[in-house]
Asker: 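One structure, as structure tokens, below. Some questions next.
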Amino acid sequence: MINNRFPCSFPRRSRMTKEEMEALGDVLVRQQASMESRYNAFKTLRDTGGYDAFVQIARALRDPSVLLSHECAFAIGQMGIPEALPLLLEVVCDESLNVILRHEAVVGLGAIGSNQEDVVAALRQYAKCEHPEVAETCEVALGRIEWLHDGRAQTETPPPSRFPNIDAAPSYNTEDVDALCSILVDNERPVFDRYRAMYQLRNIGTPEAVNALAKGMRDRAAASSLSHARCHSSGFKSKSILLRHEIATVLGQLRAEEAVEFIYERTSDLSEHGMVRHECCEALAAIGTDRCYDILREFSEDKDEVVRDSCVAGLGMDHICLCLSK
């Protein structure tokens, strides 16, 4: 299983035939099919895993649907298959493509963790590009690749995580919420360091840690009082689109019901970046309360395609979960 962003997942099918996978791949790329059916085909292939599943998922890597194409980029990165490297590199370097897709292709390269010359060169090049969604993601991917290959991966010991996906950065090994919070909100720190703090707050998962993460999304809102004075003094005014979107991801992983209204705040802010709003919708689908589904229905006809498609996919998974529970 990769990153179970929605509330349930199809059972892993280790014996699915190549022909069955090809049939699912046909559904995945059939643009006339509903978003629900295409997304369900993707999830089944993703959760089955293996090379044949990778081949089918890669067919949709340049799909017109930003939601599907970027999920495919994330998934094949998580699979760790070397043959994915040139495909992801092509997406990263194609400046005509949507920045959300290119961002996710960079995430895929970071997950695979190869330090081969063309990968590192491309990441260094686009770490200086004009699109912060891509540039900051390249910084994080380079940080992880350097961490993997400069010896720190052998000397540092990130704490064990109950989350199955490959994180974009290794967690810091500390239980000090104050210290982690201070790093998270420091706009002068490298985004790689802030990611490490964020993932460890997720791993800790206490109400204090969730509260820090949730309020970390309030970039455009007035500063709210926090139990941690150092966090309060910074006002949680994160300037990073990338960080705000990943905070939504980890709150979804935590199924953090107490964060729903913070997530709604970002979703309903139409001036917020679509990458952040879309990730908020996926987090709401993962949390899966009645209030979450009400919010998804509210934005299921949003003008932003990736937000709209995320709501439709999330509501479709809710229907599937209800059927499977009967």
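The model shown is predicted, which means the values in this text are computed figures rather than measured ones.
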Asker: Does R291 have more than 12 heavy atoms from other residues, nucleotides or ligands lying within 6.0 Å of its CZ?
Answerer: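 Correct, the count exceeds 12.
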
Asker: Any salt bridge between D294 and R297, counting N to O under 4.0 Å?
Answerer: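 Judged by the 4.0 Å cut-off on N to carboxylate O distance, D294 and R297 do form a salt bridge.
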
Asker: Any chance the side chains of D63 and S65 put a donor and an acceptor closer than 3.5 Å?
Answerer: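 No, S65 and D63 have no side-chain donor paired with an acceptor closer than 3.5 Å.
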
Asker: Going by atom types alone, do E208 and N211 pair a side-chain donor with an acceptor below 3.5 Å?
Answerer: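 The answer is no; no qualifying pair exists.
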
Asker: Are any non-hydrogen side-chain atoms of R202 and S161 less than 4.5 angstrom apart?
Answerer: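 Contact flag for R202/S161 side chains = yes.
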
Asker: Would you check if there is a donor-acceptor pair between the side chains of T174 and Q200 at a distance under 3.5 Å?
Answerer: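 No, no side-chain donor-acceptor pair sits under 3.5 Å.
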
Asker: Should the pair R277-E272 be classified as a salt bridge under the 4.0 Å nitrogen-to-oxygen rule?
Answerer: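 No, R277 and E272 are not salt-bridged.
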
Asker: Can you check whether I112 reaches L88 side chain to side chain, under 4.5 Å on heavy atoms?
Answerer: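 Yes. Closest side-chain heavy atoms under 4.5 Å.
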
Asker: Test ring pair (Phe, Tyr, Trp, His ring centres under 6.0 Å) on H103 and H245 and set out the steps.
Answerer: CA-CA 12 Å; H103 140 78; H245 114 286; 4.8 Å; yes

Asker: Using only heavy-atom distances, determine whether the side chains of E156 and Y172 contain a donor-acceptor pair under 3.5 Å.
Answerer: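 No.
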
Asker: Using the six-membered ring of F54, assess whether NZ or CZ of R46 lies under 6.0 Å from its centre and within 45 degrees of the ring axis.
Answerer: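 Verdict for F54: no cation-pi partner in R46.
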
Asker: Regarding E257 and T289, do their side chains bring together a donor and an acceptor under 3.5 Å, going by distance alone?
Answerer: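 Short answer, no.
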
Asker: Any chance you could lay out the salt bridge (Lys or Arg N to Asp or Glu O under 4.0 Å) test for R266 and D269, step after step, and finish with the verdict?
Answerer: CA-CA 5 Å; R266 298 268 39 88; D269 183 352; 2.7 Å; yes

Asker: Just to verify, what does V99 make a side chain to side chain contact (heavy atoms under 4.5 Å, CB included) with, not counting sequence neighbours?
Answerer: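 V99 satisfies side chain to side chain contact (heavy atoms under 4.5 Å, CB included) with H131, E133, V134 once adjacent residues are dropped.
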
Asker: Is Y293 reachable from I295 through a run of I, L, V, M, F, W or Y residues, each pair having side-chain heavy atoms under 4.5 Å apart?
Answerer: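 Yes, one cluster joins them.
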
Asker: Would V120 and V191 show up in the same hydrophobic cluster when neighbours are defined by side-chain heavy atoms closer than 4.5 Å?
Answerer: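 Looking at the clustering, V191 is in the same group as V120.
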
Asker: Decide whether E246 and Y199 meet the rule of one side-chain donor and one side-chain acceptor closer than 3.5 Å.
Answerer: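 Present: a donor and an acceptor within the cut-off.
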
Asker: Taking the side chain as every heavy atom from C-beta outward, state whether R59 and L28 have any pair of such atoms under 4.5 Å apart.
Answerer: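 Not in contact.
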
Asker: Can you list everything that forms a ring-ring contact (aromatic ring centres under 6.0 Å, His included) with F299? Sequence neighbours excluded, please.
Answerer: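 With sequence neighbours excluded, F299 shows a ring-ring contact (aromatic ring centres under 6.0 Å, His included) to no residue whatsoever.
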
Asker: So Y264 and L284, side-chain contact (heavy atoms from CB on, under 4.5 Å) or not? Walk me through it.
Answerer: CA-CA 8 Å; Y264 175 66; L284 291 167; 5.7 Å; no

Asker: Could you tell me whether the side chain of E136 reaches within less than 4.5 Å of the side chain of S240, counting heavy atoms only?
Answerer: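 Yes, close enough: below the 4.5 Å cut-off.
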
Asker: Can you confirm whether E19 is buried at CD, in the sense that more than 12 heavy atoms of other residues, nucleotides or ligands lie under 6.0 Å from that atom?
Answerer: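 More than 12 within 6.0 Å, yes.
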
Asker: With heavy-atom distances below 4.5 Å as the criterion, would you say the side chains of N115 and L148 are in contact?
Answerer: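 They are not in contact (no side-chain heavy atoms under 4.5 Å apart), so the answer is no.
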
Asker: Compute both the distance and the angle, then confirm whether R144 meets the cation-pi test with F192: under 6.0 Å from the six-membered ring centre, within 45 degrees of the axis.
Answerer: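 That pair does not qualify as a cation-pi contact.
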
Asker: Quick one about T157 and N173 (side-chain donor to acceptor, distance below 3.5 Å, no hydrogens or angles considered), yes or no?
Answerer: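 Result is no, nothing qualifies.
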
